[in-house]
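Structure first, commentary second.
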Amino acid sequence: GGDGGDGDDTGSGSKTFEAGSTMERLNKAQKIIVGTKFDQPGFGLKGLDNKPAGFDVEIGKIIADELGIAADKVEYIEAPSAVREEVLEQGKADIVVATYTINDKRKERIDFAGPYYIAGQHIMVRSDDSSITGPDSFKAGDKKVCSVQGSTPGDNIKKYLANPASPGAQLVLFDGYQKCVDALTNKQVDAVTTDNVILLGYVAKSEGKFKLTGEKFTEEPYGIGVKKGDTAFREFVNATLEKIYTDGRYAKAWQDTAGKFDSTVPQGPAVNRY
Amino acid sequence: MSVLVDHLDVFVGGFWLTFQLCILSAIGALVVGTLVAVMRISPIPPLRWIGTAYVTVFRNSPLTIVMFFAAFGLPALGSNADFLRVPGLSSVFSRLSIDLPYFRFAVIALALYTAAFVCEAIRSGINAVSPGQAEAARAIGLTFGQNLRYVVLPQAWKSAIVPLGSVIIAMIKNSALAGFFGVVGDLSNSGINLTSALGEPIIPVFIGVSIGYLVMTVPLGMLLDRVERRRAVAAR
Amino acid sequence: MSVLVDHLDVFVGGFWLTFQLCILSAIGALVVGTLVAVMRISPIPPLRWIGTAYVTVFRNSPLTIVMFFAAFGLPALGSNADFLRVPGLSSVFSRLSIDLPYFRFAVIALALYTAAFVCEAIRSGINAVSPGQAEAARAIGLTFGQNLRYVVLPQAWKSAIVPLGSVIIAMIKNSALAGFFGVVGDLSNSGINLTSALGEPIIPVFIGVSIGYLVMTVPLGMLLDRVERRRAVAAR
Amino acid sequence: MTERSEAGEVSGTTDQPLIRLDGVNKWFGPLHVLQDVDLSVARGEVVVVIGPSGSGKSTLCRAINRLEPINSGTIIFDDQPLPAEGKALARLRSEVGMVFQSFNLFAHKTILENVTLGPIKVRKEKAASARERAMKLLERVGIANQADKYPAQLSGGQQQRAAIARALAMQPKAMLFDEPTSALDPEMVGEVLDVMTSLARDGMTMVVVTHEMGFARHAANRVIFMADGQLVEDAAPDEFFANPRSERAKDFLSKILTH
Amino acid sequence: MTERSEAGEVSGTTDQPLIRLDGVNKWFGPLHVLQDVDLSVARGEVVVVIGPSGSGKSTLCRAINRLEPINSGTIIFDDQPLPAEGKALARLRSEVGMVFQSFNLFAHKTILENVTLGPIKVRKEKAASARERAMKLLERVGIANQADKYPAQLSGGQQQRAAIARALAMQPKAMLFDEPTSALDPEMVGEVLDVMTSLARDGMTMVVVTHEMGFARHAANRVIFMADGQLVEDAAPDEFFANPRSERAKDFLSKILTH
Ligand SMILES: Nc1ncnc2c1ncn2[C@@H]1O[C@H](COP(=O)(O)OP(=O)(O)OP(=O)(O)O)[C@@H](O)[C@H]1O
Ligand SMILES: Nc1ncnc2c1ncn2[C@@H]1O[C@H](COP(=O)(O)OP(=O)(O)OP(=O)(O)O)[C@@H](O)[C@H]1O
Ligand SMILES: N[C@@H](CCC(=O)O)C(=O)O
Ligand SMILES: [Mg+2]
Ligand SMILES: [Mg+2]
């Protein structure tokens, strides 16, 4: 592990890691590439300064910090939902922090540290629309819903549709959530579904035009993706998470970002050392 | 490559939807393109200008941009392209008549974009018809419209067929963009959906998707080559 | 339309990056396309087969698919396209040498895809050179390579220039796809960022983006029209 | 020649010419191709136009059915000024048959379809009666047995006769011929001239641009000599050939008559 | 004729023919274009090949420098069988000059560049000396003043003379001419034949396909008559023209000599 310095300790050479480990490689290089979302308010949203900001980004910075890498040495690349595994498998990113639900399918290709947050799938509608109360409202077949290609919510919602085998009549999938939000605004669709926290960001930005409806209907434990088989690195990230749950950095990261949409600071969930 | 076998139904479904998209867009492009070509050679200057402007804009803009305007501009203008919900057609092309307009938007974008190239192919065909043909038609008293319909266009089609074929091949390939603009279940979109959510690796999935497109384009291309070669021999 | 004024820097930056992408891809496409064309007419059958296969695959696959393979297949094969980090070139085209390979991948995909069309344009140019020229060259003892270099290609370029121009225009439009595959800050990608991140309305942003492309394609198209017309007059 | 005067009497306006050009001028850019041309052609008259290449003979011919618009002057056909465009122009054209040097048969239609297209689409005749009449015309020009072939399958002489039948099928009041035999192999010139001579004999009003001096001598009422866009001479054939008045006509005839 | 025998002596192998074809056969698909052709051409000899269209004259000519590969038989040039391909074939070709009916000058190069291209690229001569020699050759064929023009700017006769200079610049051991004058306007035929006659006089070995009977009579050592892919007759010119043995040659000559 590291030397347990606090958030202000960004000295590069002050940390030493086991020879040959990923931690040592990154520390030596003084550079880390973080894959994250570029289009999600609260978690990872890129502004025109070309720097993303959000809870996931803060988590990435904290891990970098623990590796002895300064915040301005962190590089970000976009990790859209459909290609997060590739980004890791192909070494385009060292970690992926991107509203990334831990599940077994994905674990076949990469490994997850965490979870560091438990989200759940939710539904967002226009504020004046009371006809949708939950996923079951789609069963009648007259309501249309939008999600994102290659995401678990996009796949989950299919079983609530009138005709799950050919979802095209009710489901639209774009390559990013902003397009779904546009479609909701223009009334091409009646709902957008994905994780509650992602939706909360859009609700907050919408100035009252959108609201969440019903309850969360899944559990989405967010993990930090690392290369398959890199157990030492995964353990390092897990330890880091446990540390920041208690030293206040986790709470501060939330308050500075997603906390603006959801002020209840989450309890750090127990990490899963599988 | 087991993904090709495991998810064969997804590929076949995607292929079928892309095929429908292409058929509808091709029909639209041929109709609109012919109209624009007629405008470009019409004796009425304003029609000619409109035709030229149409071709200039659509030939020189990326299809992604055209798709964007169709998918986000049309709704902003309040249209869901409901005029495409033609009752008879919908029994074959069920996607046309559903509430979600993105398939219709994709058809519109592809058809309008491709029409500019169809227009140019037909114009090149018209130019290949000897001017004496149109002159003889005028001399027996055919009007501009009759001249086009009975004399010029039937002959223009013949020499336009090879360039038109290339335009249609390009259109089939371009249809791969539809998945980015909300058309669920076409070939490239179903490819993307097999990835992260279902955990399939990208490369084999996209090899499958490529095969789907090659199955449509390569035979068409070979057909055209043969037509072209036969034409070349006949011209000797 | 105030977004055009407010964010002019974004549009100009995007335009500049797209322009760089196009220049580099065009150079690559011309070089590779010429090589493939030479292979397709070479006297060595295996080379001919490879050339034909290359053209068949790239002409008949959607560019989205080619981009996918470049963006995800190359890394899977362990390449970050570092061979494109040419020191001298990078001083002008700074994106070439950064660590993130997506710009390089986009250059590779666009160049390889476009090369197939360049090859066909050059072949059509070669076919337009009268066979007597190559025959006379062989008769004075030039080898295949010398024949191409000194006699056939210099003449083929001339009649290939108009089709080549069309190929390059198509390539400029195709470059709009790069934004979907991780090239940050090109023209269409900055359009998307303006809308999604800053909540600018979509229509004016995309009008701005279209103008950016039209600024590149329309003048080139007009130039080609003029060359073509001058050629037609000269041929009379 | 009996039928000819008959035709004139039937129309009842024998004194008014069928075609009249008054002060017609035509420019192609800077080129003054028709210069103050005055010409009138009576009903039933056969006028042959000769002159060197580029003198404006084709342009004159094409101006009469407005295939070529003119810049100034008036052209009157059958007591009506030429309409400028649209349906009226199409109707006028259907009353003036035109035969081109290069035949211009519709390449994608059979000979029979070539001949019936105008009657069916322009004159709105019934297909059956149009076909019947077309067959009679094809018989008249001697190619009834070729009716179902495509133009490319016919010899040049046969094609030109089909083109004449196509023009006749519109029952035109006048026929214009622009060098109808000069694209033909020598052995086929005769068969086309024969058809034209018989037409002239039947009283058709004809304007014929040709270099076939034999036809001009035997079938024409008048010969017009054009040079540089002007009608230089206008005389009966015997008079013209025996005794051309202008220097240019003399010069031209000396060149043409040597072969 | 003095220089001619001289040239023969220099090579020292006067008894061996420069070109020898033995049992050469060539098919285009089902078409048997060269049928068991035997032919030998001695050093310094001028052979004229005549015959009806399609009889295989061009193919024979082109087989000699392997522009057209043959199906069976052997062709020996300068005591070596023709190489099949690659550098050796290119070298062989550089020793056999060829002049085409349609000139085939390189359209994008000046006349001078046309003439120097081979010497510089194939013979690896210095540019300066190649240019100097080229100018002498252009002078010899009478177009030195056209050296910097492009082919399209020259008349047909000038182009063909340039093409001859281009072939001569490679210092070939033999020259092949395939109907070198038949694409020319009549007034230009003479200037090209003059150049060819002077070449023959200087002792160049030549195979000439031509219908110019005057040239055959005055400049050829032998005349070969081809029909249907076979060498039907092979005789001295006087003998051949005065007294053709075969029926086909008689028939052919009667048609050709009437104009
Ligand atoms: N469409 C056109 N545009 C420009 N100039 C033209 C056009 N048509 C004809 N001309 C020119 O007008 C002049 C008269 O042409 P016209 O064809 O009437 O002559 P012509 O007497 O029929 O000659 P010919 O015997 O060669 O057919 C010529 O100089 C010709 O080059
Ligand atoms: N590349 C080819 N492919 C197929 N057939 C050919 C080819 N070249 C020539 N032929 C045929 O071979 C025969 C001989 O042709 P060749 O050109 O040698 O005749 P020629 O005696 O030179 O005739 P001409 O006097 O017309 O030039 C002809 O029937 C011709 O059609
Ligand atoms: N958490 C979900 C949805 C969020 C997203 O689209 O990234 C997933 O991992 O697929
Ligand atoms: Mg004329
Ligand atoms: Mg020949």
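Throughout, a chain's letter reflects where its sequence line sits, starting with A, and its residues are numbered from 1. Please read all numbers here as calculations on a predicted model, not as lab measurements.
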field: Partner chain C: residue of B:Gly212, B:Ser188, B:Ser210, B:Ala170 with the largest heavy-atom pair count (under 4.5 Å)
entry: B:Ser210

statement: Contact list (residues 47-62 of chain C to chain B, heavy-atom gap under 4.5 Å, by number) returns C:Thr56, C:Val57, C:Phe58, C:Arg59, C:Asn60, C:Ser61, C:Pro62

message: Within the supplied structure, the quantity of interest is the number of heavy atoms (other residues, nucleotides, ligands) at a distance under 6.0 Å from B:Phe93 CZ; does it exceed 12?
response: yes

query: Where do B:Phe180 and C:Thr64 come nearest, in terms of heavy atoms and distance?
result: CE1-CG2, 3.6 Å

- prompt: To the nearest 0.5 Å, what is the distance between CD1 (B:Ile65) and CD1 (C:Ile211)?
  reply: 11.0 Å

Closest non-hydrogen atom pair between C:Phe206 and B:Phe69, with its separation: C-CZ, 3.6 Å

field: Neighbours of chain C found in residues 213-220 of chain B - heavy atoms under 4.5 Å
entry: B:Tyr213, B:Leu214, B:Thr217, B:Val218

